[in-house]
Number of protein chains: 2
Amino acid sequence: MARFEKVPDIVIGRLPVYLRALTRLASEGQEITSSQQLGKMLGVSSAQIRKDLSYFGEFGKQGMGYNIAHLQEQLSAILKVDREWEVVVVGAGPLAEALIREDPFAGKGFRIVALFDSRPERIGQRLAGMEILDSAQLPEVVRQRGLKVAILAVPAAEAQQVADTLVAAGIKAILSYASTTLSVPPEVRLQYNDAAAQLQRMAYYLQ
Amino acid sequence: MARFEKVPDIVIGRLPVYLRALTRLASEGQEITSSQQLGKMLGVSSAQIRKDLSYFGEFGKQGMGYNIAHLQEQLSAILKVDREWEVVVVGAGPLAEALIREDPFAGKGFRIVALFDSRPERIGQRLAGMEILDSAQLPEVVRQRGLKVAILAVPAAEAQQVADTLVAAGIKAILSYASTTLSVPPEVRLQYNDAAAQLQRMAYYLQ
DNA sequence: CCATCTTTGTCAATACTTGCACAAAAGCCT
DNA sequence: AGGCTTTTGTGCAAGTATTGACAAAGATGG
């Protein structure tokens, strides 16, 4: 398949899932896998996995399957997580604390390096060992460190304003935990992490 | 449109988003909206919104648009969140604490009613005011209260085992924060809340 | 009360996504 | 060495999803 055509975003969205499955297999000591095994693990068809991968190159060997370590490297490079992106978190609440303490990004290409809050009584305190900085300094820090990725964990009422500040400071990807719809320019990627919406989606099928 | 054909899951997945947007408009005091306004807010086409809604009935008035309060009620009923589902959380870590403290499900159809952990030193303690129960009691409590919805916030290594226990006890919807692929029977809904995967998806577009 | 404007609900066309099926490639076994 | 088995990568067909367009319905204003 041509290497230069535009890859559908839906395919990009599945790559992290494949990567996670590969990590799991690797941790179990396996060295080789097949599209069939991956498909069974993930509940998707083997053809889909082969087709998704074929957008980026040929990573398998016929008759053999895929070398897990090699495929991990390739997918990491494609997703640009073969490096460590520095991430800023805005909003020093319980959620920020959970993210810092549990560090779900460890080994996945991201590291939290700065934490901001606008509440005067929180500024200067520490949260899970990380100093809470004044939101007023946010643009300066983001620009100086060249940060591109932000996590938004502020109340819904402030989310849009903070998002605007982040965008103005040069942030290019925002993961928002605020339960409100945001508006950002088209060159900025935005994802919502909305647990309530996920539960609601499942509730439809209950009973 | 026929009321009884199967509704695509992708449509179901957008309903919570519409609901969230309506909540926002309502909180701003607006009483009427249109598919065009909603579409602009959410970055989708107005035709898509009209088509999605048409799977379930006719909720608007030509020339006028939609009554926000009425549409909220209808969508809540469709998603079955016009009631309050009791939710069990397994894994009394920082993430559970954040969920209990920030209560992102308030007014959205879900309420956390029980919290479990398997670590002996945590059992009996309180987390954000909620008692930590022994995982050994989990099946009993789930069955007695007839719980259908669970949130999984345990380490990846234990996630599959806990999921199996939940399913055996009668849970029908699982929201997993564990960064591992799970396997559940087809009648159980499963969603992953994987912030690392969301960031990785956006990273592809960086630079 | 009529003309004009707005907006819905839906059909049909377009665009996108998935899955089937198979040739080709590669290892394995005798 | 050759036949057998496995599994990839991909062309094509089938299946889904999105969008454009418009008749019909309803509001508004003179």
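Every chain is numbered from 1, with letters handed out A, B, ... down the list of sequences.
Judged by distance alone, with hydrogens and angles left aside, the side-chain atoms of B:Arg122 form a donor-acceptor pair with the main-chain N or O of B:Ala92 at under 3.5 Å. In this structure, the side chain of A:Gln200 engages the main chain of B:Lys108 through a donor-acceptor pair within 3.5 Å. Using a distance-only test at 3.5 Å, with no hydrogens or angles considered, a donor-acceptor pair links the side chain of B:Ser135 to the main chain of B:Asp117. Checked by atom type and distance alone, the side chain of B:Gln191 never pairs as donor or acceptor with a backbone atom of B:Ile174 at under 3.5 Å.
The nearest whole Å value for the distance from the CG atom in B:Leu42 to the P atom in D:dT19 is 13 Å. B:Phe56 places its CZ atom 13 Å from the P atom of C:dG9, with the value rounded to the nearest Å. Between the C1' atom of D:dT7 and the CE atom of A:Met64 lies a distance of 10 Å, rounded to the nearest Å. Atom pair A:Lys61:NZ and C:dA26:P shows a separation of 8 Å (rounding to whole Å applied). Here D:dT8 presents its P atom at 11 Å from CG of A:Leu71, a figure rounded to the nearest Å. Rounded to an integer number of Å, the gap from CD of B:Glu58 to P of C:dT7 is 18 Å. The nearest whole Å value for the distance from the CD1 atom in A:Ile49 to the P atom in D:dT7 is 13 Å.
More than 12 heavy atoms of other residues, nucleotides or ligands sit less than 6.0 Å from atom CD of B:Gln137.
Taking the charged nitrogens against the carboxylate oxygens, A:Asp9 and A:Arg189 do have a contact shorter than 4.0 Å, which makes a salt bridge.
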Can you give me the N/O atom pairs linking the protein to nucleotides 21-24 of chain D at distances under 3.5 Å, or say none if there are none?
| residue | atom | partner | partner atom | Å |
| --- | --- | --- | --- | --- |
| D:dA21 | N6 | B:Arg50 | NH2 | 3.3 |
| D:dA24 | N3 | B:Gln62 | NE2 | 3.2 |

Can you give me the N/O atom pairs linking the protein to nucleotides 16-18 of chain D at distances under 3.5 Å, or say none if there are none?
| residue | atom | partner | partner atom | Å |
| --- | --- | --- | --- | --- |
| D:dT18 | OP1 | B:Arg14 | NH1 | 3.1 |
| D:dT18 | OP2 | B:Arg14 | NH1 | 3.3 |
| D:dT18 | OP2 | B:Arg14 | NH2 | 2.9 |
| D:dT18 | OP2 | B:Gln48 | NE2 | 3.2 |
| D:dT18 | O5' | B:Gln48 | NE2 | 3.3 |

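Note that CZ of B:Phe110 is 4.5 Å distant from CG of A:Leu199, once rounded to the nearest 0.5 Å.
Along DNA chain C, the nucleotide nearest to B:Gly60 and the one nearest to B:Gly63 differ in position, and the one closer to the 5' end is contacted by B:Gly63.
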Requested in this report: Decide yes or no on side chain to side chain contact (heavy atoms under 4.5 Å, CB included) for A:Val113 and A:Val88, but give the supporting numbers first.
Outcome: CA-CA 6 Å; A:Val113 298; A:Val88 55; 5.7 Å; no
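In the region residues 15-40 of chain A, proximity to DNA chain D at under 4.0 angstrom, judged on heavy atoms, holds for A:Ser34, A:Ser35.
The two residues B:Ile112 and B:Met130 make their nearest non-hydrogen contact at O-CE, 3.5 Å.
No hydrogens or angles considered: nothing links the side chains of A:Asn67 and A:Glu31 as a donor-acceptor pair under 3.5 Å.
Regarding contacts with the backbone of C:dG9, a side-chain N or O of B:Tyr66 is found under 4.0 angstrom from either OP1 or OP2.
In this structure, A:Lys80 satisfies the cation-pi test against B:Tyr204, with its NZ or CZ atom closer than 6.0 Å to the six-membered ring centre and inside 45 degrees of the ring normal.
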